[in-house]
Protein chains: 2
Amino acid sequence: MDKDKIDKRDYILDVAERVFSEKGFDGASTRLISGEAGVNMAMLNYYFGSKEGLFLEIFERKISSFQNILQNLGNDESMNAWEKMEQYIEMYGEKIVNNNCFQKLLYQEIGMNRNNDLSNKLRDLLLKNVTELDKILNEGIAKGEFKKDIDIPMVIATLYGTKNYIINTPLMSSRLLGYNILNDKMIETKLKPQIKSFMKNLLKAYLLN
Amino acid sequence: MDKDKIDKRDYILDVAERVFSEKGFDGASTRLISGEAGVNMAMLNYYFGSKEGLFLEIFERKISSFQNILQNLGNDESMNAWEKMEQYIEMYGEKIVNNNCFQKLLYQEIGMNRNNDLSNKLRDLLLKNVTELDKILNEGIAKGEFKKDIDIPMVIATLYGTKNYIINTPLMSSRLLGYNILNDKMIETKLKPQIKSFMKNLLKAYLLN
DNA sequence: TTATTTTAATCAATCGTTTGATTAACTTTG
DNA sequence: CAAAGTTAATCAAACGATTGATTAAAATAA
């Protein structure tokens, strides 16, 4: 059946996403990925052409869902700039737990600073999200909600940098925070509320007049 | 000469540090490192035992200089907590340019979350730095300089996360900031002042009463 | 000489990929 | 309907290339 074929492709992508994020691109061998997925090694090349093709598809699968989530927020006229920021932080806090290993994989690849098609594509994708945030911050300045001298690029770097620091170095962060952030329940009950609350307080103090 | 031998060892370490941080541990083959350093491949194993031994020595070379830099600050009685924070941010801003590729290599390895001796050693080292910062923040709360409800671990994560985000994704950050942070002159004249100034303003707004 | 440093050649292991054969399901033909 | 043909899916096996590591010989220094 066609359905089964799609499911199997998707299943391989699921497994590969996990293995890549655990081991990195180089560390995740095609033998390991195919082994974990319970399929023959040759299937990876059969379905995705190459290891890099497989890697690419993992990201492309997510792109569409990334695209329009933030655009609706940016164009919403019923909220002021700070309310949009709060909403942005809420969504961003949710993603930490939901796309944990995808986010890690994403920034791991970007951190390599390769100049291949894949890396450039990923950078463009992330910059699209950044542009939405940039729009909100500029709107806040224009409307007099935010201080005039705020450093927009640095605010963006802070927002994403703090999140990445925590989820990319879980063994460090767990000792820093005092609880195990590799535990899903801890992420849900402690990390998510903590990071949302902190970011709102931090940016409220910095942005608002 | 013994001198030359030490110099050559050190030179290999310099080159390896750069290559590792550019390509990652797996991506940096012994052939590439030895080629860049202009020495025979076998020299790496002769001097450092193995590839991992070489990797380890790169970090061990830096550890001693890391140790006591911050301790002097923490024990200084002539400054109040916020002045110490400012001083901390100054030193932290300087390190961005000075130990650029070492910092990158450091967090790249920690991000792997391996459970070998090396990774555990590195985590302990970083936590030592963190402890100093923790001390300053607690002192500020105790003395009534800082708000009582500040989130200390998250402040630390923000400080290091923002820095790492910028230096680990230079191609992203350059587009975000509007200038090329791979250019040393740009780092010196623009990035360093900007990140120092921003961090002081951000934390001043969040920490101070 | 003796001891140390450096080299080229080679090792087994692993990498991503390709191959040719086989299976199963669907389509076409008679 | 049944036989023949066609297709995609899957497999074990092997490919050439590259990996980190080792060797024994050559070069250098003491």
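Every chain is numbered from 1 and lettered A, B, ... according to where its sequence line falls, protein lines coming before strand lines.
B:Ser29 comes within 4.0 angstrom of sugar-phosphate atoms only, judged by non-hydrogen atoms across all strands, and of no base.
Here C:dT17 presents its C1' atom at 11 Å from CG of A:Leu44, a figure rounded to the nearest Å. Taking atom CG of A:Asn45 as the reference point, atom C1' of C:dT18 lies 8 Å away to the nearest angstrom. Between the P atom of D:dT19 and the CG atom of B:Leu32 lies a distance of 8 Å, rounded to the nearest Å. Going from atom CE of B:Met43 over to atom C1' of C:dA9 covers 17 Å, rounded to whole Å. If you measure from atom CE of A:Met41 to atom C1' of C:dC15, you get 10 Å, rounded to the nearest angstrom. Rounded to whole angstrom, the span from the CZ atom of B:Phe48 across to the P atom of C:dT5 amounts to 13 Å. The distance from atom NZ of B:Lys23 to atom P of D:dG20 is 13 Å, rounded to the nearest whole Å. Atom NZ in A:Lys51 sits roughly 15 Å away from atom P in D:dT18 (whole-Å rounding).
At a threshold of 4.5 Å between non-hydrogen side-chain atoms, the residues A:Ile181 and A:Lys190 do not count as touching.
If A:Gly38 and B:Ala28 are placed on DNA chain D by their nearest nucleotide, the residue sitting closer to the 5' end is A:Gly38. Heavy-atom distances to DNA chain C give each of B:Ala42 and A:Asn40 a nearest nucleotide, and the one nearer the 5′ end belongs to B:Ala42. The residue among A:Val39 and A:Arg31 whose nearest nucleotide of DNA chain D lies closer to the 5′ end is A:Val39.
Put simply, the side chain of A:Thr162 never gets that close to the backbone of A:Leu159: no donor and acceptor are under 3.5 Å apart.
Taking side-chain N and O atoms only, B:Tyr46 has a distance below 4.0 Å to OP1 or OP2 of C:dT5. For D:dT10, the OP1/OP2 oxygens have a side-chain nitrogen or oxygen of A:Tyr47 closer than 4.0 Å.
Ring geometry for A:Tyr88 against A:Tyr160 counts as perpendicular: the plane angle is over 60°, on a 0 to 90° scale with 30° as the lower cut. Note on ring orientation: taking the six-membered ring where Trp is involved, the planes of A:Tyr165 and B:Tyr107 are tilted (angle from 30° to 60°).
A cation-pi arrangement, defined by a distance under 6.0 Å to the six-membered ring centre and an angle within 45 degrees of its axis, is absent between B:Lys185 and B:Tyr179.
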